[in-house]
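Working notes, structure below.
The analysis underlying the following values was restricted to heavy atoms, covering all of them including side chains, and did not include hydrogens, waters or symmetry mates. First the proteins, then the strands, lettered A, B, ... as listed; each starts at 1.
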Amino acid sequence: MQPITTKLVKWYDAHHRILPWRISPSERSQGKIADPYRIWLSEIMLQQTTVEAVKPYFNAFTKKWPTVARLAAASQDDVLRAWAGLGYYSRARNLKKCADIVSNLYDGRFPSETPDLKALPGIGDYTAAAIASIAFDRPVAVVDGNVERVITRLYAITTPLPSAKPAIRAKMQALTPSERPGDFAQAMMDLGAGICTPKRPACIICPVNDNCQALKTGEPELFPVKAPKKDKPVRLGAAFVAISSDNEIYLQSRAETGLLGGMAQVPTTAWTARIDGDTRIDAAPFPADWTPTGKITHVFTHFELRLSIYKADGIAARPGVGGWWVKVENLHQEALPTVMKKAIAAAIPDAFTKRRKPE
DNA sequence: GACGCGTGGCC
DNA sequence: TGGCCAAGCGT
């Protein structure tokens with residue numbers, strides 16, 4: 001019987017996904033070489049984010065900024081505007097920082113060894129290994145959520161995550177070949193994404209079902225075992241959509257770090273857990289006829305936000321405290337996170353009616 | 001090691 | 001429908 005590694009690479013040759021940032025085995029045989037810039041960009045975007053969500057952003061970014069030097073020449077605000085909607089905005093801030101370093105200190109060439117890669121902003125254990133493996137053929141263990149699931153099932157590891165991570169990494173390192181380590185890593189991730197899925201895995205067509213200890217238990221879905229998660233608190237607040245007589249709305253910049261750091265917002269109260277369930281308008285950005293116009297709910301990773309939306313129409317004086325006014329039809333050019341688009345849409349239902357993915 | 005950090009799709 | 005999940009990182 002062939003080893004697991006061999007089976008998976010053969011399976012990858014026959015069944016790999018076609019992705020905008022991927023050089024397939026057949027393309028490589030025709031001389032195509034992986035571009036570390038595109039591998040890096042895709043890996044940053046793919047952190048905790050689905051392939052389908054990433055594709056349009058990846059295409060927009062590479063069209064706008066074909067090289068790391070071009071990305072380094074952009075402003076952080078340009079990058080945040082292009083990233084708006086993709087989430088985890090510290091990734092975009094670190095993306096720009098990393099591009100600056102690679103462009104200026106590394107002469108535009110990404111380092112190929114994992115310690116050097118890990119030293120760059122936004123690149124941790126997983127991403128350093130992925131770039132070293134996929135772009136530079138280094139035989140390092142690439143461990144993401146897919147690999148954790150595949151490995152814990154192959155070996156029926158019952159230790160809960162994250163405690164099991166060292167054991168998972170050791171198993172992955174032992175499987176990783178010196179020939180085509182990048183294709184092997186991508187084979188593990190494609191297997192996890194398409195066959196060895198969290199729910200209802202397709203074990204019947206899995207190329208390594210003979211090797212799977214979890215399948216032998218009869219309940220492969222029970223792997224990986226995870227530590228219980230905490231419940232989400234609810235936070236409350238109010239947001240203020242000011243509309244001028246010229247059909248502009250008032251935006252502000254959020255603080256550079258923390259939640260939605262550097263992104264745009266409409267004025268808002270603090271978001272606090274309160275037992276009275278009420279919000280007040282004494283924190284409005286300027287005096288106006290603030291009218292309740294709806295409520296929105298938005299679920300972040302670690303809390304649920306319920307915002308009461310207030311609207312004021314026909315403001316002529318255009319007062320403000322350090323923000324700016326934007327025509328409603330130009331709102332899509334701003335670095336507005338989804339929660340703020342929801343808040344604005346509560347006051348102006350057709351503000352974002354045209355589907356705006358990136359660009 | 002635990003926590004802060006977005007968003008959209010799925011059942 | 002709401003809880004779960006998706007190619008994690010920084011502190």
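Comparing the C1' positions of B:dC5 and C:dA6 gives an interatomic distance of 15 Å, to the nearest angstrom. Rounded to a whole angstrom, the distance from the P atom of B:dG8 to that of C:dC9 is 22 Å.
The listed nucleotides are C:dA7, C:dA6, B:dG4; the one nearest the side chain of A:His302 is B:dG4. With C:dA7, B:dG6, C:dA6 as the choices, the nucleotide that has an atom nearest any side-chain atom of A:Glu43 turns out to be C:dA7.
A heavy atom lying under 4.0 Å from DNA chain B marks the following residues of residues 87-106 of chain A, by number: A:Gly87, A:Tyr88, A:Tyr89. Residues of residues 180-207 of chain A having a heavy atom closer than 4.0 Å to DNA chain C, listed by number: A:Met189, A:Pro198. Only A:Arg17, A:Leu19, A:Trp21, A:Arg22, listed by number, bring a heavy atom of residues 10-28 of chain A to less than 4.0 angstrom from any atom of DNA chain C.
A:Phe223 shares a hydrophobic cluster with A:Leu222; the chain of contacts runs through ILVMFWY side chains whose heavy atoms sit under 4.5 Å apart.
Checking the phosphate oxygens (OP1, OP2) of C:dG8, a side-chain nitrogen or oxygen of A:Gln48 falls inside 4.0 Å. Applying the 4.0 Å criterion to OP1 and OP2 of B:dG8, one finds that A:Thr49 has every side-chain N and O outside that range.
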Polar atoms only, N or O, under 3.5 Å: list the protein pairs with nucleotides 1-3 of chain C and their distances.
none

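The residue A:Thr127 sits close only to the backbone: its heavy atoms come under 4.0 Å of sugar-phosphate atoms, none of a base.
The side-chain contact (heavy atoms from CB on, under 4.5 Å) check on A:Ser253 picks up A:Trp324, with sequence neighbours excluded. With sequence neighbours excluded, the residues satisfying side-chain contact (heavy atoms from CB on, under 4.5 Å) with A:Pro20 are A:Lys55, A:Phe58, A:Asn59.
Straight-line distance from the CD1 atom of A:Ile134 to the P atom of C:dA7: 13 Å, rounded to whole Å. Atom pair A:Asp125:CG and C:dG8:P shows a separation of 12 Å (rounding to whole Å applied).
Note on ring orientation: taking the six-membered ring where Trp is involved, the planes of A:Trp325 and A:Tyr250 are tilted (angle from 30° to 60°). Ring orientation note: the planes of A:Phe61 and A:Trp83 are nearly perpendicular, at an angle over 60° on the 30°/60° scale.
Residue pairs meeting the salt bridge (charged side-chain N to carboxylate O under 4.0 Å, His left out) criterion with at least one partner in residues 76-105 of chain A, sequence neighbours excluded, are A:Asp77-A:Arg81, A:Asp78-A:Arg81, A:Lys96-A:Asp100. For residues 151-170 of chain A, the set of pairs meeting the salt bridge (charged side-chain N to carboxylate O under 4.0 Å, His left out) definition, not counting sequence neighbours, comprises A:Glu148-A:Lys165. Residue pairs satisfying the salt bridge (charged side-chain N to carboxylate O under 4.0 Å, His left out) criterion with at least one member in residues 219-248 of chain A, sequence neighbours excluded, are listed as follows: A:Glu248-A:Arg318.
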Quiz: residues 110-119 of chain A side-chain donor-acceptor pairs under 3.5 angstrom, not counting sequence neighbours:
| from | atom 1 | to | atom 2 | distance (Å) |
| --- | --- | --- | --- | --- |
| A:Ser112 | OG | A:Arg138 | NH2 | 3.1 |
| A:Glu113 | OE2 | A:Arg138 | NE | 3.0 |
| A:Glu113 | OE2 | A:Arg138 | NH2 | 2.7 |
| A:Lys118 | NZ | A:Asp125 | OD1 | 2.8 |

What donor-acceptor contacts under 3.5 angstrom involve side-chain atoms of residues 154-161 of chain A, with partners at least two apart or in another chain?
none

